Number of protein chains: 2
Amino acid sequence: MKEIESTLQNKGIRPTAMRMLIYKFMAEKNSAQGLSDLELAFTKADRTTVYRTLKTFEEKGVVHQIDDGTGVLKYALCEPGCRCDIERDLHLHFHCNACDKTICLTEHKIPHINLPDGFIAEDANLVVKGICDSCSTY
Amino acid sequence: MKEIESTLQNKGIRPTAMRMLIYKFMAEKNSAQGLSDLELAFTKADRTTVYRTLKTFEEKGVVHQIDDGTGVLKYALCEPGCRCDIERDLHLHFHCNACDKTICLTEHKIPHINLPDGFIAEDANLVVKGICDSCSTY
DNA sequence: ATTAAAATGCACTTCTGTTGCACGGCTTTT
DNA sequence: AAAAGCCGTGCAACAGAAGTGCATTTTAAT
Ligand SMILES: [Mn+2]
Ligand SMILES: [Mn+2]
Ligand SMILES: [Zn+2]
Ligand SMILES: [Zn+2]
């Protein structure tokens, strides 16, 4: 818990109790979390607090936002050493149609995409849907 | 207009006046349209009618849905001969950060993605954001 | 202890997508 | 042609998620 505190401080975030709890919660999960997931996990806290905590985390490069196409935004902790506050890390995201979890495949970078003349790429989002390893090994 | 009528009939859709107008409108646009775009273009028609028309078109493989990450779902006509009603055509979508338009790059298929062991791909969505050709040639 | 700044909680709003139900026209059957 | 039924349309209301304004509490600095 002490190391969470210093992690947040290193990122320029004041380590309140709530923020450390949310960080801890997300660190223990291996899948991306939506606002309602966190809201459900911390019934004592207000939705707005969780919401603004995520926004703060995002600004400071602690988490990155994921649009997996389900209609609800997900968040996941950034890899240690990533500079998500400067430029997005273009890795692949996988959404399991069975367990409905979304996970980061940080080792799988989005391949370079050839575009028609005149098109300039600035960002990319690649989401693969299917069956995850946990669900395929029944 | 007669050929729109037969196009719809060939897809198993009864060609009402409203449906033909919506089809025509989308055929004239070169970018994907959101529900509110159509709602704005056809102020005489109800939002629900447009909504259900899009759903019908989608089921019958006339249009395909696009999640470009803006938070609003877009729709675009399918290519002639595509079987979107059976299996999605996995082409690239481009969203311009300048003009805010989203277009289909139907010639640019999503490359095959290597996944870790146990992961099974069923679908994929690739959206590239940046500056489109119209906006980059000022 | 005082004080200022930042974080939290509550209420409310906005936006998008979706559904229930009733009306009316078009199509099919008798 | 008349009757019956299906289907498209419109109105209203709902649901879920994201975001904002403001008062209150907590935190950190003096
Ligand atoms: Mn990720
Ligand atoms: Mn497309
Ligand atoms: Zn799974
Ligand atoms: Zn553009």
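Owing to the predicted nature of the structure, the values given are computational and were not obtained by experimental measurement. In what follows, chains carry the letters A, B, and so on, assigned in the order in which the sequence lines appear, proteins first and then strands, with residues in each chain numbered from 1.
Sorted by residue number, the list of members of residues 53-65 of chain B with any non-hydrogen atom under 4.0 Å from DNA chain D is empty. Of the residues in residues 2-12 of chain B, none lies under 4.0 Å from DNA chain D by heavy-atom distance.
Using a 4.0 Å cut-off, no side-chain N or O of T49(B) falls inside it from OP1 or OP2 of dG8(D).
Applying the salt bridge (Lys or Arg N to Asp or Glu O under 4.0 Å) test to pairs two or more places apart or on separate chains, those with a residue in residues 61-78 of chain A are D68(A)-K74(A). Residue pairs satisfying the side-chain hydrogen bond (donor to acceptor under 3.5 Å, both in side chains) criterion with at least one member in residues 13-33 of chain A, sequence neighbours excluded, are listed as follows: K24(A)-E28(A), S31(A)-Q33(A).
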| query | Just by protein heavy atoms under 4.0 Å, how would nucleotides 22-30 of chain D read 5' to 3' in B, S and -? | reply | B-----S--

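Applying the side chain to side chain contact (heavy atoms under 4.5 Å, CB included) rule to S134(A) yields the partners C132(A); only residues at least two apart in sequence or on another chain are considered. Taking R47(A) as the reference, L35(A), E39(A) meet the side chain to side chain contact (heavy atoms under 4.5 Å, CB included) condition, with sequence neighbours excluded. Scored by the side chain to side chain contact (heavy atoms under 4.5 Å, CB included) test, E122(A) finds N97(B), I131(B) as partners (sequence neighbours excluded). By the side chain to side chain contact (heavy atoms under 4.5 Å, CB included) test, E59(A) pairs with no residue at all, sequence neighbours left out.
Residue contacts shown for R47(B) include a base, since a base heavy atom lies under 4.0 Å away.
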Distance-only criterion, 3.5 Å: show the donor-acceptor pairs between side-chain atoms of residues 106-113 of chain A and protein atoms not counting sequence neighbours.
residue : atom : partner : partner atom : Å
H108(A) : NE2  : N114(B) : O            : 3.3
K109(A) : NZ   : D89(A)  : OD1          : 3.1
K109(A) : NZ   : D89(A)  : OD2          : 3.1
K109(A) : NZ   : T106(A) : O            : 3.0

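Taking a heavy-atom distance under 4.0 Å as the criterion, the stretch of DNA chain C touched by chain A extends 5' to 3' from dA6(C) to dA11(C).
Across the helix from dA1(C)-dT30(D) to dT30(C)-dA1(D), the helix axis at one end is tilted relative to the axis at the other end by 20° (nearest 10 degrees, each axis from five pairs).
When each of A45(A) and G71(B) is assigned the nucleotide of DNA chain C bearing its nearest heavy atom, the one mapping closer to the 5' terminus is A45(A).
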